[in-house]
Structure formats: structure tokens, C-alpha cells
Number of protein chains: 2
Amino acid sequence: MIQAHAVRLFTERGYDATTVTEVAEAAGVSPMTVYRHFPTKEDLVLVDQHGQLVAERIAASPAAHPLVRRIGGALIGSAATLTGDDLTTDKQFLLARLRLMISTPALRARHLDNQYAFQQAIVEALGDDDTDPDAAFHAQAAASACLAALHTALVRWAEDEGRTELPALIAKALAAAFGDDMVEGGPVAAGDQPRG
Amino acid sequence: MIQAHAVRLFTERGYDATTVTEVAEAAGVSPMTVYRHFPTKEDLVLVDQHGQLVAERIAASPAAHPLVRRIGGALIGSAATLTGDDLTTDKQFLLARLRLMISTPALRARHLDNQYAFQQAIVEALGDDDTDPDAAFHAQAAASACLAALHTALVRWAEDEGRTELPALIAKALAAAFGDDMVEGGPVAAGDQPRG
DNA sequence: ATCGCATTGATAGTTACTACCAGATTGGTA
DNA sequence: TACCAATCTGGTAGTAACTATCAATGCGAT
């Protein structure tokens, strides 16, 4: 509720031009209550109810598959559940938040930090042996490239006002980056992940 | 001068526990002067004198080479000039800034935003045709993975107190992510960049 | 010596965020 | 119904980052 008013006001007047007090007034609560639920002003846009289960999804995927296939499949699957057909309201809300995240420097920075933490979680979920530093480098690069593909797809999706299906966009971005045989539904390659 | 005092104080007392006013006092200037030179407190750590020439280096590299080879080579070359032998003072300063950037959330977020802007600059410097969206996806993933390798190498370097040579670390991270034939000095692969 | 001109400084104000404490609301129990 | 505990909410006061505006200071050139 508070978050909905916040995103609306930020979109109408701009993020920096809107004070937390104004958000509180619009939501009919005190500024204290806002700070109680959202520790920082940025959280009013960045926090989302649907928690991140992607890391678990990756850990549950078959370890024999290549890294980008495991990560990419989890990303596509999560996007599909997130932007389902009967969730148009949530979809518009997600679009509004996304637009703010992309265009507002403070929000973009915090978002990228979250994404980086997510990347670390993915690398841990992959559960490769920590003893081999090469494997860690490997996983970092694969996770980073997958998240870059996700981000590129999200930006494209926002520019498109959500008309294109998000899972398809992610799959397209992954295919462009890694090759068609790497995305879910395609054939399983014999090799592992990005190697020229 | 101001920046040196800032990094020292942030390291000694912690970033959040140090006020800009204290930095100003240590440097013997007024807080206004600090804000004049460094618009935000974060800039006291993030701003560096040696500007980013890497994008130009990439643009100057042979376009026939694979993407990660072009980007990776530029990163290694820049790191080599940045941490040269007779720059021990700068090296210690860089290490101190790096430690702060890694451990302080606000600094890390701003740093990642800078890195993302850098990624966009790399993609533009690659100068692939903008008409093909697949090529854009492609370049984003390649640049992102290279920067992830760079970041992983930087973290390792900082943990190692700068004892290992930074260019070698970057080359190792790139080799682990993309294969030995992709880093500068290795053979030129016939293909392009990451494709399983 | 004086005139630009750039750098610095002081003052006052806005806003995000915190610490602390007081009242209200809710839900379970006798 | 009456009561108690816990959680939610609100007010007050304070800190610190950052901004706008204007005054003072140094400094080289004519």
C-alpha cells in the first residue's frame, strides 16, 4: 500500500523531487511508519514481495548441465511465474518500478548492488568446489553474463511497455549471448559453459 | 590531498563513522571546499585521477579478434600501466580504496553503477552494428563477463594485499572463464566469443 | 595600484535517517 | 467481559549529507 503510493508519486513528480514525508501523507500514515517498513527511501522501489527463489531453483537443477543452462533456465522459469497472465496489475507495477530503477541513479546503484549479491548467491548455489579458484572465476563469469542478459532483457521489456513476453525476451538474450543450444528447451550441448 | 586524508580516516574509523566535516578538518580546509571538489562523500573514495582510457584501447584493438580478447586485452594492459613498478605509493592508495569499495555498501553500490556505465561504454566502443539486437545482447554478455572477471581479480588482489601482479590475476580470471586461448598472448581462436 | 577571476569560506536551510519513548491496537486467556 | 502481552504506530529531537547564496581572499595581468 505504502509502496504503491510511493511508486506513483515518484513516477509523477520524480524520485528526488518527492520526499518520504509526502509518501507518508499520500498513504495516510506517519513518516515513522514508512521508515519502519522501508528502512531507506530506495527500498520503497526496490523491495518486492515475491522473494528470490531463483538460487534454490538453480541448486535444484541437474548439476550435469552446463552452468549457463542451469542459471538461464532458472531465470526464465522465475520470470514466467512472475509475469503470469492474470497478474496484469502486478505487471504494471513491476514495469513502473523497473522504469524508476533504470532511470534514477541512486536506485540503479542500489539495484546493481542487489544484483551483485544475487550473483554471489548463484555462485554459492552452484556449489562448485571452493578449493578450485578457477571454478570460482568460471562461475562468476557465467553468472555475471547470465545476469547481464537478464538485465538487457528487462530494459528491453520496459522500453516495450511489457508487450513482449518477458521469458521469451530473456531466452532470446541468452541465446544471443551463448548460442541457441544453451537456452532451456534447446538441445543439451556436450561441453560446459562459455569457452571460445 | 583531501582524498588521501579521506581514505586514511575512512580506513581508520570506518566510512559511516567518519563525517565529511572531519575529513575537511584533517585536510585543513572547510567542508564547503570538500564538497566543491567531491560532490558526494562517496566520490572521496571512488574518484580516481587516472581516467578511463580502456574504452579507447578496446576501440583501437583489431576488430577481427573475438570480443573477450579485445576487452580482456585492454583490461590487462590498463592494469599493467596502473600498477607499474615505481608506483608503490599509488598502489597502496589503490589498495586502500579498493578495500573500502568492497566492504562498504554505499561505496560498493556506487562502484557497481560506475562499472555498469563502463560496460555500456565498452559496448559502444566495440562499435557493432546497432541495428542487430542480437549483437547488442552478445556484446553486453561478453563485456559483463569480462568485467566480472576483472572484479573477481581485483577482490583477489585486495585480499592478497597486492602481492600478486594484478595483470597476471586478471589474465588468470579471464582464462578460467573463457579458456586459455582467449587471453592476450595466447593463440587467436578462429571463432568469436562465448558460445557453448 | 587596480581590475578581473578563480578559490575558499560562512550562513542558513532541506531532507534522509536514527534513537527514544508514549499511546493505540490486536489477539489470546481466565 | 476483563486483562495482559506483544505488536504496530506516532511524536520529539537530533545527526549528517548536501544545496543555495553571498562575502572574503588571494593572484596574476595590464
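Reminder, nothing fancy here: chain letters follow the sequence lines and each chain counts from 1.
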Same cluster (ILVMFWY, side-chain, under 4.5 Å), B/Phe38 and B/Met32:
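Different clusters.
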
Can B/Phe137 be reached from A/Trp157 by stepping across I, L, V, M, F, W or Y side chains whose heavy atoms are under 4.5 Å apart?
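In one cluster with A/Trp157: B/Phe137, no.
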
Over how many whole Å does the gap from [X] atom [atom1] to [N] atom [atom2] extend?
X       : N      : atom1 : atom2 : answer
B/Glu25 : D/dA16 : CD    : P     : 12 Å
B/Tyr35 : D/dA16 : OH    : P     : 11 Å
A/Leu44 : C/dC17 : CG    : C1'   : 13 Å
A/Asp43 : C/dT18 : CG    : C1'   : 15 Å
B/Lys41 : C/dC17 : NZ    : P     : 14 Å
A/Asp16 : D/dA17 : CG    : P     : 18 Å
A/Glu42 : D/dA17 : CD    : P     : 16 Å
B/Phe10 : D/dA16 : CZ    : P     : 13 Å

Quick one: which protein N/O atoms are closer than 3.5 Å to N/O atoms of nucleotides 8-15 of chain D? Pair and distance per line, please.
residue : atom : partner : partner atom : Å
D/dT9   : OP2  : A/His37 : NE2          : 3.0
D/dG10  : OP2  : A/Ser30 : N            : 3.2
D/dG10  : OP2  : A/Ser30 : OG           : 3.2
D/dG10  : OP2  : A/Thr33 : OG1          : 2.1
D/dG10  : N7   : A/Arg36 : NH2          : 2.8
D/dG10  : O6   : A/Arg36 : NH2          : 3.4

Could you tell me whether the side chain of B/Arg70 and the main chain of B/His65 form a donor-acceptor pair under 3.5 Å?
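No: the side chain of B/Arg70 does not pair with the backbone of B/His65.
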
Sorted by number, the residues of residues 103-112 of chain A with heavy-atom contact under 4.0 Å to DNA chain C:
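Of all residues in residues 103-112 of chain A, none places a heavy atom under 4.0 Å from DNA chain C.
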
Would A/Gln140 and B/His151 count as a side-chain contact (heavy atoms from CB on, under 4.5 Å) if you check the C-alpha gap in whole Å, the side-chain angles of each, and the deciding distance to 0.1 Å?
CA-CA 9 Å; A/Gln140 293 284 352; B/His151 193 268; over 6 Å; no

For B/Arg108, what residues pass the side chain to side chain contact (heavy atoms under 4.5 Å, CB included) criterion, not counting sequence neighbours?
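Partners of B/Arg108 by the side chain to side chain contact (heavy atoms under 4.5 Å, CB included) criterion, ordered by chain and then number, come out as A/Asp113, A/Tyr116, B/Pro105, B/Leu112.
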
Would you call B/His37 and B/Thr33 a side-chain contact if the rule is heavy atoms closer than 4.5 Å?
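Yes; the side chains approach each other to less than 4.5 Å.
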
Have a look at B/Thr40 and say if it touches a base, only the backbone sugar-phosphate, or nothing, with a 4.0 Å heavy-atom cut-off.
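Counting heavy atoms under 4.0 Å across all strands, the contact made by B/Thr40 is with sugar-phosphate only.
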
Check the pair B/Tyr35 / B/Thr40 against side-chain contact (heavy atoms from CB on, under 4.5 Å), numbers first and verdict last.
CA-CA 7 Å; B/Tyr35 280 119; B/Thr40 73; over 6 Å; no

Under 6.0 Å from the ring centre and within 45 degrees of the ring axis: does the NZ or CZ of B/Lys41 meet both conditions for the six-membered ring of B/Tyr15?
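Here B/Lys41 passes the 6.0 Å and 45° test against B/Tyr15.
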
Is the shortest distance from a Lys or Arg side-chain nitrogen in A/Glu161 or A/Arg99 to a carboxylate oxygen in the other one below 4.0 Å?
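Judged by the 4.0 Å cut-off on N to carboxylate O distance, A/Glu161 and A/Arg99 do form a salt bridge.
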
